[in-house]
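Every number for a ligand or one of its atoms is a count from 1 in the order of the listing. None of these values were measured; they are calculated from a predicted model.
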Amino acid sequence: MKIGIVCYPTFGGSGVVATELGIALAKKGHEVHFITYSQPVRLDGFSERIFYHEVAVSNYPLFDFQPYELVLSSKLVDVAKHEKLDLLHVHYAIPHASAAYMAKQILASQGIHIPYITTLHGTDITLLGRDPSFEPVITFAINQSDAVTAVSESLKQDTYRHFGVTREIQVIPNFINIEEYSEEKCGCSRTMYAANGEKIMIHVSNFRKVKRVEDVLRVFDKVRKVIPTKLILVGDGPERTAVEKLCRELDTCNDIRSLGKVTNPEQILSIADLFILPSETESFGLAALEAMAAHLPVISTNTGGLPEVNIQGVTGFLSNVGDVDDMAKNTLHILSDEKVLAVFKKNAYEQARKFDVPKILPLYEKLYMSLLKKELA
Ligand code: GMT
């Protein structure tokens with residue numbers, strides 16, 4: 001198949017999933033065309049079946065706000081026509097679903113019929129999409145999609161709850177490529193970060209408010225008062241300054257290493273003992289799944305799709321949003337006893353294997369095939 005993928009090329013989970021999906025599809029023999037405004041961050045290798053088409057946004061001085069959605073729609077028409085795409089798969093509804101709808105109509109007016117699939121990722125539904133300034137367009141573009149998928153059951157239910165969506169939504173969970181987490185591949189050392197044998201906690205996110213990174217620091221502060229522990233922070237975003245301020249207030253800065261944005265987190269995850277994700281909401285929690293693939297137990301909140309990934313008392317623990325005492329207690333339970341830690345690590349890895357790419361990719365391929373059959377009928 002010839003598949004066009006639209007996504008945000010940044011460090012966000014939706015862009016990561018879309019990129020990994022494209023890479024996996026290309027490995028299976030499909031031709032994949034990424035259509036984005038810059039090269040997706042995880043798309044760094046060469047593949048003869050992967051193509052990148054840049055959406056170049058104009059900077060005409062008349063516009064205070066550049067009409068990105070129109071430029072994207074035009075690019076979709078152009079790529080679909082000239083590369084003879086079989087289908088478009090757009091990740092993150094805003095504004096990709098409506099751009100795909102527009103492109104589909106233009107192509108249809110020229111006698112070219114291709115379906116588009118919309119994958120809902122989270123904040124496009126739970127935060128942004130519900131805003132009245134987006135809602136009517138989002139509802140329409142979702143309903144008009146030839147197929148809609150959501151990355152968790154929780155996100156599917158949220159979509160039905162908050163939008164006038166009438167069509168079927170298929171849950172296809174996020175995935176990881178477990179091979180990339182094989183320990184042999186990681187040549188990194190714990191002693192760089194924990195020279196005296198301390199335990200290592202790690203948090204990976206885009207440092208937005210929804211991630212509650214300050215809770216990471218509060219939990220860490222309670223834990224390190226009981227057992228010697230270091231904290232590694234991976235990622236960057238708007239909350240960075242607040243986090244730096246809090247680490248000074250708590251006097252924990254000397255035990256924290258901030259690494260900023262990291263393209264492939266497998267290596268740094270492989271040297272840690274435990275992952276923490278205290279988000280306000282999380283449709284799935286790809287970062288937690290990636291950590292589990294690296295054998296890390298997860299301390300998370302119990303919101304959104306997190307309970308579908310992190311299993312209470314098995315792969316880690318889940319607490320109410322903001323309950324840093326409970327998260328610290330659970331972290332100490334895992335980190336204080338080597339035997340307990342080993343069991344949680346093994347369980348986390350076993351759970352991650354359920355989301356390995358060979359198990360999830362065929363679900364997308366089956367969906368694509370069913371749409372193409374419909375188109376031919
Ligand atoms: O978490 C973010 O802020 C980024 C966001 C995105 O759209 O890139 O992540 C969402 O999609 C990921 C991939 O499906 C999910 O794993 C994240 O849970 C989800 N984030 C939220 O729901 C807050």
Side-chain angles (χ1 to χ4, degrees), residues 5-22 24 36-38 40-43 89-97 117-131 134 138 142 148-159 161-162 169-177 203-213 215-216 234-240 261 263 265 275-293 298 300-310 318 321 351-352 355 357 360-361 363-364:
I5 292 186
V6 180
C7 65
Y8 283 104
T10 50
F11 281 87
S14 62
V16 169
V17 169
T19 309
E20 297 289 352
L21 175 63
T36 60
Y37 58 79
S38 67
V41 286
R42 290 240 181 138
L43 193 63
H89 187 172
V90 304
H91 291 259
Y92 206 89
I94 306 169
H96 301 154
I117 298 123
T118 301
T119 290
L120 308 173
H121 277 275
T123 46
D124 46 352
I125 296 299
T126 53
L127 292 178
L128 280 182
R130 288 166 65 181
D131 187 308
F134 288 116
I138 299 305
I142 292 174
V148 182
T149 73
V151 296
S152 65
E153 184 60 35
S154 152
L155 183 59
K156 173 180 169 173
Q157 296 311 330
D158 274 341
T159 309
R161 205 171 307 125
H162 300 302
I169 299 175
Q170 184 182 346
V171 174
I172 302 186
N174 286 333
F175 58 88
I176 33 86
N177 184 353
H203 169 78
V204 181
S205 79
N206 53 22
F207 283 55
R208 298 208 182 118
K209 262 233 149 10
V210 69
K211 303 293 175 183
R212 295 184 66 100
V213 187
D215 283 359
V216 173
V234 178
D236 203 356
E239 290 302 294
R240 165 76 100 178
K261 290 176 180 164
T263 311
F275 184 79
I276 175 160
L277 191 65
S279 307
E280 181 87 36
T281 174
E282 202 70 64
S283 70
F284 183 89
L286 181 67
L289 179 62
E290 291 186 328
M292 287 158 68
V298 172
S300 73
T301 42
N302 53 16
T303 54
L306 281 169
E308 295 171 51
V309 180
N310 186 21
L318 301 94
V321 173
Q351 169 73 351
F355 299 87
V357 66
I360 309 297
L361 191 66
L363 303 178
Y364 280 117

Under 3.5 Å: N/O of [X] near N/O of ligand 1:
| X | value |
| --- | --- |
| Y92 | no |
| V17 | no |
| L286 | yes |
| G285 | yes |

Legend entry - V151 contact mode with ligand 1 (heavy-atom cut-off under 4.0 Å):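 It is the side chain that gets close, since no backbone atom is under 4.0 Å.
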Inset, instruction - State which residues pass ring-ring contact (aromatic ring centres under 6.0 Å, His included) with H91; sequence neighbours excluded, sorted by chain then number. - result: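 Partners of H91 under the ring-ring contact (aromatic ring centres under 6.0 Å, His included) test: H89, H121.
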Identify the closest protein heavy atom to [atom]: which residue and atom is it, and at what distance?
| atom | result |
| --- | --- |
| atom 5 (C) of ligand 1 | G13 N, 4.1 Å |
| atom 2 (C) of ligand 1 | N206 ND2, 3.2 Å |
| atom 10 (C) of ligand 1 | H121 O, 3.4 Å |

Inset, instruction - Would you mind listing which atoms of ligand 1 come within a distance below 4.0 Å of any non-hydrogen atom of N174? - result: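 Listed by number with element, the hits are 13 (C), 14 (O), 16 (O).
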Legend entry - Shortest reach to atom 1 (O) of ligand 1 by a heavy atom, considering only R208, K211, K209: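 The option holding the nearest heavy atom is K211.
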Inset, instruction - Indicate whether any N or O donor in one side chain lies under 3.5 Å from an N or O acceptor in the other, for T119 and T149. - result: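 Present: a donor and an acceptor within the cut-off.
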